[in-house]
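Single-structure report; data block below.
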Protein chains: 2
Amino acid sequence: MPKLGMEPIRRQTLVAATIAEIGAAGSLEVTMSQIARRAGVSSALAHHYFGSKDKLFLAAMRTVLTDFGTEAREALAGQTDPQARLRAIVQTCFAPASFRPGVVAAWLNFYVHALNSDATLRLLRLYRRRLHSNLVHDLRPLVGAQAEEIAETTGALIDGLYIRQALKSDGPLADAAVRHVMAYLDLAIAAGSRA
Amino acid sequence: MPKLGMEPIRRQTLVAATIAEIGAAGSLEVTMSQIARRAGVSSALAHHYFGSKDKLFLAAMRTVLTDFGTEAREALAGQTDPQARLRAIVQTCFAPASFRPGVVAAWLNFYVHALNSDATLRLLRLYRRRLHSNLVHDLRPLVGAQAEEIAETTGALIDGLYIRQALKSDGPLADAAVRHVMAYLDLAIAAGSRA
DNA sequence: TGTTTTATTGATTGACGAGTCAATTAAGAA
DNA sequence: TTCTTAATTGACTCGTCAATCAATAAAACA
């Protein structure tokens, strides 16, 4: 019983189902059928709209990154004080929307998948560049030339906390993660402004 | 033409081939045949000695971790000054033997695989506990109660630098990685001893 | 010498899964 | 009403791959 204008709805549903399924499985080894079943459609339809599993995965990753970007932009809106902005960036990284077990697991799997897929790698680099330049932008007034180095370390630290979160059995430790990163930033900024 | 006492040799060869193949593929989606071919034997032999693909993967991971542990022990032998020991630990993490693209890729894939395999997860936790307690042991005399927290952050930072290394296109940036971690440790120790 | 044990493989099985396709349904256009 | 077009699926094809097995070859042993 075809209702018209289904395409965008189906795409969204399928992408959401993909993320959920990957998150639940903890692996990219999920079948189109599983994903389609979770989305409540046939596997043929998933192929119809996305063409291939790879393209569906790519769309899913794009969504994860876009969601994150949106959230970051909102958190930064209006903030002008560099320290406050830095805190907002870090908090966004560990905000519930992105820092749920399922999403983290999916994220991690995409991260590894970038070893094999140029398109995925490009997407990932894009996100990383954005985070990096945000950090540098707000670090510069505080520590000058050291901004690059500190941003680099901060980025790596955030990635590390993510990967650890994925393997944590107990609940989300977002607060602890934010504390770790902010503690590092405070140290680095104090040392940087003293110099 | 069976020569006796082949078992340990075949096991070693197959494990090495597994790591190499996973590293080259950047994924756990490698077939037993590929691995066996690289090892110069039939896939049936791989099954004969390891029973299943999962068990072979597990053995490979065990080897990666064991190699790392050995190297760490050697680097620490004789060192008594806490600062020097900390540096030795960090350097080991990024030493050529463990920090080659292939090995890092394999490591990363095992890391993610721990989401699905309890046995893998246990192995990983073991390694992590060891690194953590090594760090704490040498941080304690320098910063007292803050040792736990700093060790935690250091561990996450190392993981983050690993995951980033895996996706770096250019050559190994071991020196830069060591610098990042040591810079953080110097900051944290200075602040900790001041307190 | 014949028998057992270890090493080894080619061929086969059985399952599973991506992608294709022809067929069906209904909404809108002519 | 008739035609076109979007939505949707069940059934099918074609590969691939883990795992098994029966067979072979050569040590060691009796």
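Reminder, nothing fancy here: chain letters follow the sequence lines and each chain counts from 1.
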For [X] and [N], what is the distance between atoms [atom1] and [atom2] respectively, to the nearest whole Å?
X	N	atom1	atom2	answer
E7(B)	dA27(D)	CD	C1'	16 Å
D54(B)	dC17(D)	CG	P	17 Å
R37(B)	dT9(C)	CZ	P	13 Å
M6(B)	dT5(C)	CE	C1'	16 Å
E29(B)	dA18(C)	CD	C1'	12 Å
L28(A)	dG17(C)	CG	C1'	15 Å
H47(B)	dA22(D)	NE2	P	17 Å
H48(A)	dT25(C)	NE2	C1'	14 Å

Legend entry - Check: S133(A) side chain, R130(A) main-chain N or O, donor-acceptor pair, under 3.5 Å: yes
Inset, instruction - Examine distances only and state if a side-chain atom of H48(B) and a backbone atom of A44(B) form a donor-acceptor pair shorter than 3.5 Å. - result: no
Legend entry - Any R10(A) side-chain nitrogen or oxygen under 4.0 Å from OP1 or OP2 of dA6(D): no
Inset, instruction - Taking only the side-chain nitrogens and oxygens of Y49(A), find out if one of them lies under 4.0 Å from OP1 or OP2 of dA6(D). - result: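 No, outside the criterion.
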Checking all strands, does [X] fall into the base, sugar-phosphate, or nothing category for heavy-atom contacts under 4.0 angstrom?
X	result
S43(B)	nothing
F50(A)	nothing
S42(A)	base

Legend entry - Hphob cluster co-occupancy, I89(A) + V136(A), side-chain heavy atoms under 4.5 angstrom: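 No, I89(A) and V136(A) fall in different hydrophobic clusters.
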Inset, instruction - Select from A44(A) and Q34(A) the residue whose nearest nucleotide in DNA chain C is closer to the 5' end of that strand. - result: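 The answer here is Q34(A).
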Inset, instruction - Could you check which of dA27(D), dA19(D), dT8(C) has an atom nearest any side-chain atom of L4(B)? - result: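 Looking only at heavy atoms from C-beta outward on L4(B), the closest nucleotide is dA27(D).
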Legend entry - Nearest listed nucleotide, side chain of L45(A), among dA7(C), dT9(C), dT8(D): dT8(D)
Legend entry - Heavy atoms of other groups near E7(A) CD, more than 12 under 6.0 Å: yes
Legend entry - H47(B), NE2: over 12 other non-hydrogen atoms inside 6.0 angstrom: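 Result for NE2/H47(B): enclosed.
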